[in-house]
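Working notes, beginning with the structure itself.
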There are 2 protein chains.
Amino acid sequence: MSAEITARPKARPGKRTNDPEGLRKRVLDVAEASFQARGYHASSLGDVMAAAGVTGGALHHHFPTKKALALAVIEERVAAAIEETWIAPVQAAGSAREGVRSVFDAVAAELEQQGFVRGCPLNNLAHELSLADPDFRTALAGIFSAWRQAIADKIRADQQAGREHDTDPQRFAALAVAAYSGAMSMAKTAQESGVLRDCLNALEQEASSASSSNGRAGAKRRRRVLRQHRAL
Amino acid sequence: MSAEITARPKARPGKRTNDPEGLRKRVLDVAEASFQARGYHASSLGDVMAAAGVTGGALHHHFPTKKALALAVIEERVAAAIEETWIAPVQAAGSAREGVRSVFDAVAAELEQQGFVRGCPLNNLAHELSLADPDFRTALAGIFSAWRQAIADKIRADQQAGREHDTDPQRFAALAVAAYSGAMSMAKTAQESGVLRDCLNALEQEASSASSSNGRAGAKRRRRVLRQHRAL
DNA sequence: TTATAAACAGACCGGTTGTCCTGTTTTGTC
DNA sequence: GACAAAACAGGACAACCGGTCTGTTTATAA
């Protein structure tokens, strides 16, 4: 219904300023948020136009169809989100397992602070659009693939450095991504972030049957119910 | 677009036969399939009516609103699907871990045979509807909860029987459900079932660092690309 | 049979959606 | 400044969707 997210530098009567890149960015900002909060089909271009302070002509000029807009959101924003919150941190971590743990931890902490679970943008769109259109499916599958690839590569680097043994990189990456995706799915549905910590702890407990360090401190906290929060 | 799933015993000119339960079942059949294939918002009641061979008046009589129809699908069909494919097999299995493995195996085999991945009905609807309506969210969260509960209970039973040690039931259940949900999500997006086997193998490999039996035979097969198949 | 309610038929309507189209303004280039 | 292309404005439209409404038929019970 109501919206007014991005700043709209308008309301100047006589003059106009062409700002193609800025306008395009504003539209993508709003579309990304709307797709995340309400999904693709439930997001109307009218709402996007109103929230971004953009007319129909301008929107059509940059994104001829709704599908084109969604494709741009997927390729530019969703892919970037996975890159920022997962790929880069894992690559920068001391090991693949430590990277996975740190991301789980960071996301869980962020959810607890925000008090509202919007879910994983990639999974949200993947579920709604994978079967709807081949172009959507291809774009989304590529992001999933790159995500797993980065984790698998990190495992391989760990193995070459002697930090990891007898772990199939591809399988480990698949499990890490799946566990995160599934945990976020449950966290979103239950509006409760404890499942993320449960999954992370289970993942580490399973691995630590004969592992090395096990210095996880305050792991007693769980099942923290989130307070309600407004959407969008 | 086109549809003609359920048999429609009509076309008899003069007579009519009231069959409330049968008609209701037919509508739920079609709605379940449509929600699964296209999602909630992309499914129009007109298509459902046409596919089920039902008029608007009849549909409205049994399901006053689209939301009521979806709620019935969730509570009666989706919950039953989880019960049949997950809860019952796990309860009937020799142990929780064996139950989880057998379900993963069975689903992967089914996907490879069908050649098409429709995804998990619970996750499909959960992603689209959890944030859309509190009633949807509550219903879906309950199914997730029961799902995890069944696995956790099985772990507890294993522990009392001495088959399982040092495994947090709740955490294990969360990981199992999350891994499955996430794997199905990726399988649906990639239209490729190998991720399911990757996740299962990783799950067992993680646990078998000091485990007991490890009698998995032909685990070499992976990355089997599915042939295309028509939807709905 | 008659009454009574449930089950069903089918048209109808207001609102919304995505897209298109014509026109105007700005911007860059020679 | 002239000109062409890009950037933007804003209305129009046809299709569709979900819900409602009235009326008819079937089943049930007295």
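Each chain gets a letter, A, B and so on, in the order its sequence line appears, and its residues count up from 1.
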Tell me the interatomic distance from [X], atom [atom1], to [N], atom [atom2], rounded to whole angstroms.
X     : N      : atom1 : atom2 : result
A/D19 : D/dA6  : CG    : P     : 18 Å
B/H60 : D/dG18 : NE2   : C1'   : 10 Å
B/R24 : C/dA6  : CZ    : C1'   : 15 Å
A/M49 : D/dA12 : CE    : P     : 14 Å
B/K25 : C/dA7  : NZ    : P     : 18 Å
A/L45 : D/dA9  : CG    : P     : 16 Å

Pair B/R38 + B/D47, salt bridge at N-O below 4.0 Å: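 Salt bridge flag = yes for B/D47 with B/R38.
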
Is there, by distance only and without an angle test, a donor paired with an acceptor across the side chain of B/R16 and the base of D/dT25 below 3.5 Å?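 Between D/dT25 and B/R16, which were checked side chain against base, a qualifying N/O pair under 3.5 Å is present.
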
I'd like to know whether A/R197 forms a salt bridge (charged side-chain N to carboxylate O under 4.0 Å, His left out) with A/D105, so could you lay out the CA-CA distance, the side-chain angles of the two residues, the decisive distance to 0.1 Å, and finally the verdict. CA-CA 7 Å; A/R197 302 223 181 256; A/D105 242 2; 2.6 Å; yes

Side-chain heavy atoms of [X] within contact of [Y], under 4.5 Å:
X      : Y      : answer
B/N124 : B/R118 : no
B/F136 : B/L131 : no
A/L59  : A/L45  : yes
A/V177 : A/W86  : no

Roughly how far, to the nearest 0.5 Å, is OG of A/S43 from CD of A/Q36?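 Result: 10.5 Å between the selected atoms.
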
Taking for each residue the nucleotide of DNA chain C bearing the nearest heavy atom, is the 5' side occupied by A/A42 or by B/T17?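 Its nucleotide being nearer the 5' end, the pick is B/T17.
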
Residue mapping more 5' on DNA chain C - nearest nucleotide basis, B/N18 or A/S43: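 The residue mapped nearer the 5' terminus is B/N18.
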
At their closest point, which heavy atom of [X] faces which heavy atom of [Y], and how far apart are they?
X      : Y      : result
B/N123 : A/H127 : CB-NE2, 3.7 Å
A/V117 : A/E192 : CG2-N, 4.3 Å
A/F104 : A/C199 : CE2-CB, 4.4 Å
B/Y40  : B/K67  : OH-N, 3.6 Å

If you apply the rule salt bridge (charged side-chain N to carboxylate O under 4.0 Å, His left out), what do you find for B/R26 with B/D29, and how did you get there? CA-CA 5 Å; B/R26 253 186 304 153; B/D29 284 343; over 6 Å; no

Restricting both atoms to N or O, compile the protein contacts to nucleotides 28-30 of chain D shorter than 3.5 Å, with distance only.
none

Would you please confirm or rule out a distance under 4.0 Å between OP1 or OP2 of [N] and any side-chain N or O of [X]?
X     : N      : result
B/S44 : D/dC17 : yes
A/H62 : D/dC8  : yes
A/H61 : D/dA7  : yes

Determine to 10° how strongly the helix from C/dT1-D/dA30 to C/dC30-D/dG1 is bent, judged from the axes of its five-pair ends.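 Inter-axis angle at the ends, rounded: 20°.
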
Give me the residues of residues 63-72 of chain A where at least one heavy atom lies under 4.0 Å from an atom of DNA chain C, by number, or none.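 Hits under 4.0 Å, by residue number: A/T65, A/K66.
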
